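Worth saying up front: this structure is predicted, and the values here are computed from it rather than measured.
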Amino acid sequence: MRPEQLDLVNASSADVTSDPRQFSTTFYDTLFKIAPELRSIFSDNMVDQRKRLMGELGFLISSAQDLDRFTERARTLGGRHVGYGVQPADYKPVKQAFLASVGEAIGSDCPPELIEAWEALIDHIAKVMKQGAADTLK
């Protein structure tokens with residue numbers, strides 16, 4: 001992730017997270033539409049699940065400039081997700097749902113470079129989470 005992409009993410013994070021319920025609802029609705037088989041991985045209590053998503057997203061966005069703090073949290077998340085049954089292939093539909101949710105939160109005038117910046121962030125998060133998952137499986 002390039003520094004200018006991180007700046008774009010930080011500058012737009014308030015828009016993305018301004019309505020956490022809407023963002024998280026869009027995310028999970030999109031995810032389960034794209035990959036309905038993933039529904040069984042998640043709790044039946046989607047209210048709590050949405051809160052956890054937004055909490056982790058907020059932490060990762062705020063810590064992305066502190067690489068050690070960011071990496072530690074994302075690795076831990078990846079290790080924890082192994083216990084939920086998350087597989088490496090599951091990251092692709094999560095990314096699709098996430099980017100769709102970002103696009104909806106920002107609106108139709110969202111410039112492509114902003115989506116690219118968010119894509120770089122989600123790719124980086126997924127990479128570090130997969131490393132954490134691999135460490136857990138060793």
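With Thr71 contributing its side chain and Asp68 its backbone, the two residues share no donor-acceptor pair below 3.5 Å.
Here the CD1-CG distance, from Ile106 to Leu114, works out to 4.0 Å after rounding to the nearest 0.5 Å. Between Gln96 atom CD and Ile34 atom CD1 the span is 4.5 Å, to the nearest 0.5 Å. For the atom pair CG of Leu6 and CZ of Phe70, the computed distance is 9.0 Å after rounding to the nearest 0.5 Å. Atom-to-atom distance recorded for Glu72:CD and Leu77:CG is 11.0 Å, nearest 0.5 angstrom. With rounding to the nearest 0.5 angstrom, the CE atom of Met54 is 10.5 Å from the CZ atom of Phe27. Taking CD1 from Ile61 and OG from Ser13, the interatomic distance works out to 5.0 Å, rounded to the nearest 0.5 Å.
Under the side-chain hydrogen bond (donor to acceptor under 3.5 Å, both in side chains) criterion, Asp123 pairs with Lys95, sequence neighbours left out. Gln49 pairs by the side-chain hydrogen bond (donor to acceptor under 3.5 Å, both in side chains) definition with Tyr28, Arg52, not counting sequence neighbours. Residues passing the salt bridge (Lys or Arg N to Asp or Glu O under 4.0 Å) test with Glu4 are Arg2, sequence neighbours excluded. Taking the side-chain hydrogen bond (donor to acceptor under 3.5 Å, both in side chains) definition, one finds that Glu56 meets it with Arg73, sequence neighbours left out. Qualifying side chain to side chain contact (heavy atoms under 4.5 Å, CB included) partners for Ala105, counting only residues two or more places apart in sequence or in other chains: Phe23.
Classified by interplanar angle (parallel below 30°, tilted 30° to 60°, perpendicular above 60°), the ring pair Trp118/Phe98 is tilted.
Clustering ILVMFWY residues whenever any of their side-chain heavy atoms sit less than 4.5 angstrom apart, transitively, puts Tyr84 in the very cluster that holds Leu53. When the side chains of ILVMFWY residues are joined at heavy-atom separations under 4.5 Å, either directly or via intervening members, Val82 and Ile125 end up in two distinct hydrophobic clusters.
Thr26 and Gln22 form a side-chain donor-acceptor contact under 3.5 Å, judged by distance and modelled atom types alone.
In this structure, Gln5 and Glu116 approach most closely via the heavy-atom pair NE2-O, 3.7 Å. Considering every non-hydrogen atom in both Pro93 and Leu38, the closest pair reads CG-CD1, 3.9 Å.
Applying the 6.0 Å contact sphere to CZ of Arg39 captures more than 12 heavy atoms from other residues, nucleotides or ligands.
Between Tyr91 and Ile122, every side-chain heavy-atom pair lies at or beyond the 4.5 Å cut-off. Under the 4.5 Å side-chain criterion, counting only non-hydrogen atoms from C-beta, Leu31 is not in contact with Asp29. Side-chain contact between Asp90 and Ile41 is present, with heavy atoms from C-beta onward closer than 4.5 Å.
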Please set out all donor-acceptor pairs under 3.5 angstrom arising from side-chain atoms of residues 129-136, sequence neighbours excluded.
| unit_1 | atom_1 | unit_2 | atom_2 | d |
| --- | --- | --- | --- | --- |
| Gln131 | OE1 | Arg75 | NH2 | 3.3 |
| Asp135 | OD2 | Arg75 | NH1 | 2.8 |
| Thr136 | OG1 | Gly132 | O | 3.0 |

**OP:** Go through Asp48 and Ser43 one step at a time and tell me if the side chain to side chain contact (heavy atoms under 4.5 Å, CB included) criterion holds.
**Re:** CA-CA 8 Å; Asp48 287 346; Ser43 163; 5.9 Å; no

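Here the two rings, on Phe42 and Phe32, have centers that are under 6.0 Å apart.
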